[in-house]
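Below is one structure, written out as structure tokens, with a few remarks after it.
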Amino acid sequence: MRDPVGVGARAAPFGALAGGVIAIAAATVVGAQGNALDAIVHPPALIRAALVGGSAAVAVVLLARGLVRLAGGTDDVASLIRGVRLVFLAVAAVAAGASWALGDALPLLVALVIGGIDVVETSFLLVVVATGRADRQG
């Protein structure tokens, strides 16, 4: 039988933390490369339409899942943090879709920064929550 609070559960925030740092680094590198950025933002029209639609679908799913977690109450702090993460990732998905819809690179870079910073900060919060409980005396 698996331990639900085993090594894997404690290591998961660190994996997400690494993913957030990679997203921020990717935004920095891609933002500095004009040709690569142009190719990403201006694919053929059919691919752009698919990217916009996919971004919108992902945003709706992430928002719905985030709101379900947030509506669950305040008993599980880690679940609330994950709910906030999902809502911010939905915002990042909308920004990415706007980038392809408008044909402008700035919203895509903003999406990477929103997603990256959100994952980094919520990962830190999850690590803090996993390391112990706050003393509620006083």
Side-chain angles (χ1 to χ4, degrees):
M1 181 174 242
R2 244 179 88 192
D3 180 14
V5 190
V7 174
R10 284 181 273 172
F14 293 107
L17 179 65
V21 170
I22 290 170
I24 294 169
T28 303
V29 171
V30 171
Q33 303 293 327
N35 292 337
L37 187 58
D38 190 50
I40 293 170
V41 174
H42 298 105
L46 189 58
I47 294 173
R48 278 176 68 182
L51 288 169
V52 171
S55 295
V58 166
V60 168
V61 169
L62 289 172
L63 182 61
R65 288 185 180 178
L67 292 176
V68 165
R69 282 185 182 256
L70 291 172
T74 60
D75 293 341
D76 184 10
V77 176
S79 182
L80 290 174
I81 293 169
R82 288 184 183 99
V84 169
R85 173 186 285 175
L86 291 172
V87 171
F88 273 101
L89 290 176
V91 172
V94 168
S99 178
W100 288 303
L102 299 172
D104 188 15
L106 183 60
L108 184 60
L109 297 176
V110 168
L112 285 169
V113 171
I114 289 171
I117 290 175
D118 174 62
V119 169
V120 168
E121 70 185 357
T122 55
S123 295
F124 277 125
L125 289 172
L126 288 170
V127 168
V128 169
V129 167
T131 57
R133 305 214 183 272
D135 186 11
R136 295 186 183 195
Q137 294 176 351

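As a basis for the values below, the full set of heavy atoms in this structure was taken, side chains included, without hydrogen atoms, waters or symmetry mates.
Side-chain contact between Phe88 and Val119: absent, with no pair of heavy atoms (C-beta onward) separated by less than 4.5 Å. Val110 places a side-chain heavy atom less than 4.5 Å from the side chain of Ile114. Taking 4.5 Å as the limit, some side-chain heavy atom of Leu63 sits within range of a side-chain heavy atom of Leu67. Side-chain contact between Glu121 and Arg85 is absent, with no heavy atoms from C-beta onward closer than 4.5 Å. A heavy-atom distance below 4.5 Å is not found between the side chains of Leu86 and Val68.
Looking at every heavy atom in both residues, Leu37 comes nearest to Ala105 through CD2-CB, 3.4 Å. Nearest heavy-atom pair across Gly97 and Val52 is O-CG2, 3.6 Å. Among all heavy-atom pairs drawn from Ala111 and Ala92, the shortest one is CB-O, 3.1 Å. Heavy atoms only, all atoms of each residue included: Ala59 and Ala90 are closest at O-CB, 3.5 Å.
Distance check: Leu112 CG to Ile22 CD1 gives 12.0 Å after rounding to the nearest 0.5 Å. How far CZ of Arg82 is from CG of Leu80: 10.5 Å, rounded to the nearest 0.5 Å. For the atom pair Leu89 CG and Thr122 OG1, the distance stands at 7.5 Å (nearest 0.5 Å). If you take CG on Leu125 and CD1 on Ile81, they are separated by 4.5 Å, rounding to the nearest 0.5 Å.
Leu62 and Leu70 fall into different hydrophobic clusters, where Ile, Leu, Val, Met, Phe, Trp and Tyr are joined by side-chain heavy atoms under 4.5 Å apart, directly or via other members. Residues Val87 and Val94 do not share a hydrophobic cluster, clusters being chains of Ile/Leu/Val/Met/Phe/Trp/Tyr side chains in contact below 4.5 Å. Residues Val84 and Val129 do not share a hydrophobic cluster, clusters being chains of Ile/Leu/Val/Met/Phe/Trp/Tyr side chains in contact below 4.5 Å. In the hydrophobic clustering of this structure, Ile40 groups with Ile47; members are Ile, Leu, Val, Met, Phe, Trp, Tyr whose side-chain heavy atoms approach within less than 4.5 Å, directly or through other members. The cluster map of Ile, Leu, Val, Met, Phe, Trp and Tyr, joined by side-chain heavy atoms under 4.5 Å apart, puts Val91 and Leu106 in the same cluster.
Surrounding CZ of Arg65 are at most 12 heavy atoms belonging to other residues, nucleotides or ligands under 6.0 Å away.
For the pair Ser99 (side chain) and Asp104 (backbone), a donor-acceptor distance under 3.5 Å is present.
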